[in-house]
Amino acid sequence: MANDVAALTAELTDMAAADHRSAVHANSDDPAEQLAWRRLTARHGDRLNEILEEYGWPTADLVGEEAARAAWLVAQHADRQLDVQRRALQLMRQAVSAGSAGPRELAFLHDRTLVNEGGKQIYGTQIAGVKDGAPVPWPCEDPERVDELRADVGIEPFDAYVAQFSVA
């Protein structure tokens with residue numbers, strides 16, 4: 001089992017590294033680069049689904065902080081695999097309830113899944129794009145309470161967050 005977990009840890013961190021290298025192509029003007037990104041995230045989503053089947057949510061206790069965050073990143077980017085995102089969300093929710101995963105990452109995955117389902121996000125973590133240099137978030141369920149909800153899960157205030165996406 002220890003060898004399996006060590007291999008899983010390495011695999012998850014390798015997947016995140018490949019994701020980081022390739023993410024710049026997600027919105028590329030070059031269709032071939034976009035396709036490469038989509039294929040990578042689909043492969044990773046398929047593999048994460050297998051991991052979830054075998055291990056449940058890969059918690060930091062099981063695979064370490066870096067690999068647990070890598071699993072979250074793969075789930076976050078499985079945008080065209082809603083079944084995988086929903087399953088990851090369910091398992092991660094259970095892990096947060098048990099105290100073995102963080103509510104901040106869960107909030108991001110929850111919003112991402114809601115947006116991919118065509119719904120309104122809760123925490124305002126998902127940005128649709130940038131218009132005239134200003135970030136445009138996807139619609140929120142309760143915009144007046146976004147900062148309160150964000151604070152509850154350890155996310156910075158909305159204005160500070162979206163400022164990161166501004167184009168000067």
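Between R69 and E66 there is no salt bridge, since no side-chain nitrogen of the basic residue lies less than 4.0 Å from a carboxylate oxygen of the acidic one.
Rounding to the nearest 0.5 Å places CG of L8 at 9.5 Å from OG1 of T13. Distance check, rounded to the nearest 0.5 Å: CG of L114 to CG of L89 gives 8.0 Å.
By the 4.5 Å heavy-atom criterion applied to side chains, Q121 and C140 are counted as neighbours. Between W138 and I127 the shortest side-chain heavy-atom distance does not fall below 4.5 Å. Side-chain atoms of T125 and R112, non-hydrogen and from C-beta on, never get closer than 4.5 Å to each other. The closest side-chain heavy-atom distance from L52 to P58 is below 4.5 Å. With contacts defined as side-chain heavy-atom distances shorter than 4.5 Å, the pair E105/M92 qualifies. At a threshold of 4.5 Å between non-hydrogen side-chain atoms, the residues T41 and D79 do not count as touching. For the pair R93 and L106, the minimum side-chain heavy-atom distance is below 4.5 Å. Contact of the V84 side chain with the R87 side chain is not registered, since no non-hydrogen atoms from C-beta on lie closer than 4.5 Å.
Under the 3.5 Å distance criterion, the side-chain polar atoms of Q85 are matched with a main-chain donor or acceptor of Q76. Of the possible donor and acceptor atoms, one in the side chain of D147 sits under 3.5 Å from a partner among the backbone N and O of F158. Not a single donor-acceptor pair under 3.5 Å links the side chain of R80 to the backbone N or O of R38. Checking side-chain atoms of R104 against main-chain N and O of V153 turns up no donor-acceptor pair under 3.5 Å. In this structure, the side chain of D111 does not engage the main chain of Q126 through any donor-acceptor pair within 3.5 Å. When atom types are taken as modelled, the side chain of S22 and the backbone of A18 share no donor-acceptor pair closer than 3.5 angstrom. The closest donor-acceptor contact from the side chain of S100 to the backbone of A95 lies under 3.5 Å.
Summarising the geometry of V130 relative to G133, their closest heavy-atom pair is CG1-C, 3.5 Å, with the distance given to 0.1 Å. Between T59 and A68 the shortest heavy-atom distance is C-CB, 3.8 Å.
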Pair W57, L62 - check side-chain contact (heavy atoms from CB on, under 4.5 Å), show working.
CA-CA 9 Å; W57 184 255; L62 179 67; over 6 Å; no
Going through the checks in order, is the side-chain contact (heavy atoms from CB on, under 4.5 Å) test met by R150 and Y161?
CA-CA 10 Å; R150 292 169 71 89; Y161 176 70; 3.0 Å; yes
Which is it for H20 and L73 under the side-chain contact (heavy atoms from CB on, under 4.5 Å) test, yes or no, and what are the steps along the way?
CA-CA 9 Å; H20 286 307; L73 181 70; 3.8 Å; yes
Please step through side-chain hydrogen bond (donor to acceptor under 3.5 Å, both in side chains) for the pair Q164 and E156, ending with a clear verdict.
CA-CA 11 Å; Q164 301 171 53; E156 68 266 54; 3.0 Å; yes
Run R47 and R43 through side-chain contact (heavy atoms from CB on, under 4.5 Å) and show every step you take.
CA-CA 6 Å; R47 179 61 185 128; R43 267 195 325 273; over 6 Å; no
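Note on V115: it does not cluster hydrophobically with Y123, by side-chain heavy-atom contacts below 4.5 Å among ILVMFWY residues. Hydrophobic clustering, with ILVMFWY side chains joined whenever heavy atoms are under 4.5 angstrom apart, keeps L12 apart from L40.
With sequence neighbours excluded, the residues that form a ring-ring contact (aromatic ring centres under 6.0 Å, His included) with W37 are H77.
Using a 3.5 Å distance cut-off with no hydrogens or angles, the side chains of Q81 and D46 do pair a donor with an acceptor.
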